[in-house]
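Remember, it's 1-based here, ligands and their atoms both numbered in the order they're listed. For clarity, every value in this text was computed on a predicted model and none was experimentally measured.
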Amino acid sequence: MARIVMKFGGTSVGDVERIKNVAQRVKREVDAGHEVAVVVSAMSGTTNQLVGWTSAIARLHDAREYDVVVASGEQVTVGLLALALQDIGINARSWLGWQIPFRTDGIHGKARIDRIETEEMERRFAQGQVAVVAGFQGIGPDARITTLGRGGSDTSAVALAAALKADRCDIYTDVDGVYTTDPRIVSKARKIDRITYEEMLELASQGAKVLQTRSVAMAMQHGVRVQVLSSFVDVPGTLVVDEDEIVEQQVVTGIAYSPDEAKITLVGVPDRPGVAGAIFGSLADAAVNVDMIVQNVSQDGQTTDLTFTVGQADLDRASDVLNKLQADLAYAELVADPNVCKISVVGVGMRSQPGIAKTMFQTLADKSINIQVISTSEIKVSVLIGNDYTELAVRALHTAFGLDADADS
Ligand code: ADP
Ligand code: ASP
Ligand code: MG
């Protein structure tokens with residue numbers, strides 16, 4: 001007997017028939033004698049609609065009320081799945097985030113899980129009950145509902161698997177594994193049988209939304225065995241593993257793209273100590289994450305231009321913070337550009353193989369794609385380009401790094 005956490009994403013619970021299909025998959029594991037907790041997302045499209053409504057009412061909305069609204073999608077699916085399970089003879093009960101509870105910090109809209117209290121779930125496992133758990137939600141220190149950021153049900157599932165010391169965390173989704181890039185934009189993308197935690201973390205954080213970044217970080221930290229697989233077809237998925245479990249290593253394992261970026265340039269920023277600290281400190285205080293940063297060398301010794309990227313969802317908030325700083329910092333102008341996309345090539349093999357950046361820049365140049373900002377880490381190279389070129393860039397790089405399904409591997 002094993003203890004398993006199964007997670008089903010939005011498309012997998014997209015309508016009543018699909019919820020019944022999920023119930024059958026859960027039944028298979030229960031019939032095999034396993035203890036099962038199921039984590040579900042909202043039906044596909046629901047969270048987008050809820051987010052849209054909050055923005056339509058108030059551009060800079062109160063994040064506490066945003067959470068109240070967007071957490072509601074998961075309440076529907078846990079109830080429906082519990083009903084579908086009961087209907088086929090499985091003892092099942094639904095749980096909202098606050099009922100478990102998933103205790104989080106108070107950063108509404110992107111809360112972090114501090115602790116999950118599993119005593120009651122353990123007691124019910126012993127009675128043969130399946131727990132159907134709402135993903136994405138938690139309860140903050142002030143007892144208000146929190147959410148974990150978009151895609152957060154993956155993190156709910158991995159955190160629950162860690163807390164329950166589960167043998168496996170199976171993430172069921174609408175593709176049958178992790179691919180060398182998004183199979184929806186590159187038809188030649190190849191399924192990866194095993195990927196390291198580190199590479200998966202980097203791909204996820206660079207935009208491969210198949211797993212939420214925090215879920216991978218948590219899996220890595222707690223040694224949770226994560227598998228990504230299809231909720232529609234019975235084929236082996238992708239296992240996320242330690243580096244020593246990988247036999248053959250590619251130099252570039254995958255390519256990620258993130259269209260959800262926005263570029264901000266502060267023109268004419270005074271070139272003196274403390275300015276960057278004031279700017280990025282204020283953004284951090286407003287819970288805005290900054291990603292790529294470039295500061296040009298000052299031409300006149302007086303002022304410089306500072307360019308950086310933030311998530312598109314944070315652009316209004318970031319602009320608001322920066323506008324308030326203008327009186328103090330006396331920069332000349334704020335220019336915001338949401339029409340950008342970050343493309344990243346990722347692979348642990350890069351540590352030992354030079355020349356990846358060169359191939360990347362050359363490939364983009366051959367397609368006349370202009371690079372706006374560059375950043376690198378040990379196992380990735382990222383560039384910011386105009387978002388009209390996203391597909392062209394990803395396809396060209398996929399071919400250039402020998403990842404196409406028909407290429408020799
Ligand atoms: P779910 O609702 O099940 O959580 P998501 O939409 O969050 O599903 O994530 C699955 C999607 O991730 C796929 O449909 C695919 O378009 C996208 N994706 C992006 N990069 C990759 C990749 N490298 N491998 C697989 N899927 C990817
Ligand atoms: N429903 C949430 C979202 O769409 C959480 C998730 O699907 O993981 O972001
Ligand atoms: Mg997801």
Take every heavy atom of Ser41, measure it against each atom of ligand 1, and state whether any distance is under 4.0 Å. no
Looking only at N/O atoms, are Gly151 and ligand 2 under 3.5 Å apart anywhere? yes
Please say whether more than 12 non-hydrogen atoms of neighbouring residues, nucleotides or ligands are located less than 6.0 Å from NZ in Lys20. no
Which of the numbered atoms in ligand 1 are under 4.0 angstrom from any heavy atom belonging to Asp174? 10 (C), 11 (C), 13 (C), 14 (O)
Check this for me, if you would: do Lys165 and Glu122 make a salt bridge, where the nitrogen-to-carboxylate-oxygen distance has to be below 4.0 angstrom? no
Would you kindly specify which portion of Val210 sits under 4.0 Å from ligand 1, judged on non-hydrogen atoms: side chain, backbone, both or neither? both
With atoms numbered from 1 as shown, which atoms in ligand 1 lie under 4.0 angstrom from a non-hydrogen atom of Tyr179? 22 (C), 23 (N), 24 (N), 25 (C)
How far is atom 6 (C) of ligand 2 from its nearest protein heavy atom, and which residue and atom is that? Ser153 OG, 3.3 Å
Just by distance, no angles: are the side chains of Thr146 and Asp67 close enough, under 3.5 Å, to form a donor-acceptor pair? no
Does some non-hydrogen atom of Glu74 fall short of 4.0 Å from ligand 2? yes
Numbered atoms of ligand 1 (with element) below 4.0 Å of Val178, judged on heavy atoms: 24 (N)
Below 4.0 angstrom, N of the basic side chain to O of the carboxylate: do Asp174 and Arg184 qualify? yes
Contact with ligand 1 for Lys7, non-hydrogen, under 4.0 angstrom: yes
Look only at interatomic distance and state if Gly207 has a nitrogen or oxygen under 3.5 Å from any nitrogen or oxygen of ligand 1. no
Does the distance from a Lys or Arg side-chain N to an Asp or Glu carboxylate O, for Arg168 and Asp170, drop under 4.0 Å? yes
Within-shell test, Gly135 vs ligand 2, heavy atom, strictly < 4.0 Å: no
Distance from atom 7 (O) of ligand 2 to nearest protein heavy atom, with residue and atom: Ser41 OG, 3.1 Å
Indicate whether any N or O donor in one side chain lies under 3.5 Å from an N or O acceptor in the other, for Thr196 and Glu199. yes
Arg150 and ligand 1 - part of the residue with a heavy-atom distance under 4.0 Å: neither
I want to know if ligand 1 touches Thr173 in the polar sense, i.e. an N/O pair below 3.5 angstrom. yes
for atom 25 (C) of ligand 1, nearest protein heavy atom and its distance come out as Gly177 O, 3.4 Å
Below 4.5 Å, heavy atoms only, C-beta onward: do Cys169 and Arg225 meet side chain to side chain? no
Under 4.0 Å from ligand 1, counting heavy atoms only, is it the side chain of Pro183, its backbone, both or neither? side chain
For ligand 1, is any non-hydrogen atom under 4.0 Å from Thr181's backbone (N, CA, C, O), its side chain (CB onward), both, or neither? backbone
Can you report which non-hydrogen protein atom sits closest to atom 16 (O) of ligand 1, along with the distance? Asp182 OD1, 2.8 Å
The criterion is salt bridge (charged side-chain N to carboxylate O under 4.0 Å, His left out); which residues satisfy it with Arg25, sequence neighbours excluded? Asp234
Does the pair Glu117/Arg115 count as a salt bridge with the N-to-O cut at 4.0 Å? yes
What do you reckon, does Arg150 have a nitrogen or oxygen under 3.5 Å from a nitrogen or oxygen of ligand 2? yes
Name each donor-acceptor pair under 3.5 Å that joins a side chain in residues 83-96 to protein atoms two or more places apart or in another chain, with its distance.
{"unit_1": "Gln86", "atom_1": "NE2", "unit_2": "Ala92", "atom_2": "O", "d": "3.0"}
{"unit_1": "Asn91", "atom_1": "OD1", "unit_2": "Gln129", "atom_2": "NE2", "d": "3.0"}

So is Ser153 touching ligand 1 or not, going by heavy atoms under 4.0 Å? no
Which is it for Lys209 and ligand 1 at heavy atoms under 4.0 Å: side chain, backbone, both or neither? both
Ion pair Asp154/Lys7, N-O distance below 4.0 Å: yes
Are any of the N/O atoms in Asp154 less than 3.5 Å from those in ligand 1? no
Nearest non-hydrogen protein atom, atom 2 (O) of ligand 1: Gly10 N, 3.0 Å
For ligand 1, find out whether one of its N or O atoms is nearer than 3.5 Å to an N or O atom of Thr180. no
Would Gln362 and Asp366 count as a side-chain hydrogen bond (donor to acceptor under 3.5 Å, both in side chains) here? Give the steps. CA-CA 6 Å; Gln362 191 59 54; Asp366 290 346; 3.2 Å; yes
Identify whether the distance between the nearest side-chain nitrogen and carboxylate oxygen of Asp260 and Lys209 falls below 4.0 Å. no
So Phe8 and Tyr172, would you call those rings parallel, tilted or perpendicular, with 30° and 60° as cut-offs? parallel
